[in-house]
2 protein chains.
Amino acid sequence: MNDNHENLMLKEAGLATEVGFVISRAKTQVLKQVDHVLEGFGFTKHHYAVLALACSVEAPSQREIATYMRLDPSRLVRILDELEGQELVRRERSAHDRRTWIIQATDSGHQRRTEASMALQQLNDNLLRHLGETQRQLLIGALLHLAEIEVQVEQR
Amino acid sequence: MNDNHENLMLKEAGLATEVGFVISRAKTQVLKQVDHVLEGFGFTKHHYAVLALACSVEAPSQREIATYMRLDPSRLVRILDELEGQELVRRERSAHDRRTWIIQATDSGHQRRTEASMALQQLNDNLLRHLGETQRQLLIGALLHLAEIEVQVEQR
DNA sequence: TATTGTTATACTCTATAACTATA
DNA sequence: TATAGTTATAGAGTATAACAATA
């Protein structure tokens with residue numbers, strides 16, 4: 001197929017070794033598949049990430065979710081409205097500060113999150129199927145580093 | 001720092017091992033730096049990639065550039081107008097088909113591309129400084145695979 | 001005075017439709 | 001009829017400004 005010619009052009013132009021170009025296109029391709037998987041659950045990637053955070057033991061406020069997701073607080077409003085409309089999360093007034101809403105996943109929220117999470121895990125496995133376990137960890141580790149997310153990794 | 005709490009939340013929510021989430025944020029952070037570097041040359045990432053393709057030995061048509069870059073042909077028009085305005089590329093009528101323009105980099109186009117390319121290479125080295133040579137190749141290879149760009153493999 | 005959540009609005013990026021000139 | 005390039009426009013995604021309630 002003609003794909004090969006295209007790829008040779010990208011290589012010849014030096015773009016195939018440029019991190020910015022390669023990570024951009026990889027992100028586009030991966031997100032296409034993520035979007036497709038989450039569509040099956042009536043989610044966008046934003047809905048999913050917000051729901052995942054709402055499922056945390058330490059339920060976050062809207063402000064915290066917006067910060068964690070680098071999302072403008074005003075954008076979060078509609079996302080939460082939609083999740084709340086499906087009764088997947090609840091807004092609950094903070095006991096300490098009556099300006100802030102604490103976002104809690106409902107039971108069905110937890111359930112839907114688990115289902116979506118398993119589907120995404122399957123996609124992950126498929127995307128990385130050509131890599132060994134060590135290589136997977138290296139890839140994720142390198143991406144986390146580029147993303148400036150440094151989590152204390154305790155592997156054993 | 002509070003960053004640590006944020007990162008722990010992302011990990012706790014399972015997002016720190018989700019390829020889609022991690023690659024999205026990595027892309028955002030990397031592109032911020034790429035944009036900043038290219039700004040110094042009066043470029044956007046699109047200008048740079050188009051110029052790089054125009055520098056290829058086999059000068060591409062607009063249609064080809066649009067295809068290679070997954071860019072709508074209508075968007076390419078302005079990008080080329082701007083590059084041509086700076087006399088970095090020229091539109092030349094194809095000898096075979098008078099509908100198509102062949103995009104050729106000018107001498108100063110080649111020069112500016114080389115300069116920008118070196119600056120990006122430096123950024124690449126800095127971004128990947130914590131990785132050994134083998135690990136770098138694995139990372140780039142994995143990203144190319146996710147990007148569905150298979151260059152080094154010629155199977156038949 | 002500053003902050004949380006909200007609404008309305010503006011801006012940017014991208015996709016779509018229609019046009020011209022060639023094939 | 002179909003295609004390359006162009007223009008104008010519409011849409012999605014995102015950012016900005018102003019507001020009410022609370023601190």
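What you see is a predicted model; the values in this text were computed from it and never measured.
Ion pair A:E6/A:R25 flagged as a salt bridge, since at least one NZ, NE, NH1 or NH2 atom sits closer than 4.0 Å to an Asp/Glu carboxylate oxygen.
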I'd like a list of close polar pairs between nucleotides 18-23 of chain C and the protein, N/O only, cut-off under 3.5 Å.
| residue | atom | partner | partner atom | Å |
| --- | --- | --- | --- | --- |
| C:dA23 | OP1 | B:R98 | N | 3.1 |

What's touching nucleotides 10-16 of chain D from the protein side, N or O pairs under 3.5 Å?
| residue | atom | partner | partner atom | Å |
| --- | --- | --- | --- | --- |
| D:dT14 | OP2 | A:R75 | NH1 | 2.8 |
| D:dT14 | OP2 | A:R75 | NH2 | 2.5 |
| D:dT14 | O5' | A:R75 | NH1 | 3.3 |
| D:dT16 | O4 | A:S74 | OG | 3.0 |

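Rounded to whole angstrom, the span from the CD atom of B:E64 across to the C1' atom of D:dA4 amounts to 11 Å. Counting to the nearest Å, the P atom of D:dA21 and the CH2 atom of A:W101 are 13 Å from each other. Distance, B:I103 CD1 to D:dT6 C1': 13 Å, rounded to whole Å. Taking atom CZ of B:R78 as the reference point, atom C1' of D:dT6 lies 13 Å away to the nearest angstrom. For B:D81 and D:dT7, the CG to C1' distance is 11 Å, given to the nearest whole Å. Between B:R91 atom CZ and D:dA4 atom P there is a gap of 15 Å when expressed in whole angstrom units. Going from atom CG of A:L76 over to atom C1' of C:dT7 covers 15 Å, rounded to whole Å. One interatomic measurement links the two molecules: CE of B:M69 to P of D:dG5, which rounds to 14 Å at whole-angstrom precision.
The shortest side-chain heavy-atom distance between A:L71 and A:I65 does not fall under the 4.5 Å cut-off. At least one side-chain heavy atom of A:L15 sits less than 4.5 Å from a side-chain heavy atom of B:Y48.
Considering only residues two or more places apart in sequence or on other chains, B:S94 meets the side-chain contact (heavy atoms from CB on, under 4.5 Å) condition with B:H96, B:D97, B:T100, B:I102. Scanning for side-chain contact (heavy atoms from CB on, under 4.5 Å) contacts around B:A142 gives A:L131, A:L139, with sequence neighbours left out. Listed by chain and residue number, A:E150, B:H130 satisfy the side-chain contact (heavy atoms from CB on, under 4.5 Å) test with A:H145 (two or more places apart in sequence, or in another chain). Applying the side-chain contact (heavy atoms from CB on, under 4.5 Å) test to A:E133 and every residue at least two apart in sequence or in another chain returns A:R136, A:Q137.
Counting only heavy atoms from C-beta on, B:R63 has its side chain closest to D:dA4 among C:dT6, D:dT6, D:dA4.
Not one N or O on the side chain of B:R113 forms a donor-acceptor pair closer than 3.5 Å with the backbone of B:H110.
Of the candidates B:R112, B:Q111, B:R90, B:T106 forms a side chain to side chain contact (heavy atoms under 4.5 Å, CB included) with just one, namely B:R90.
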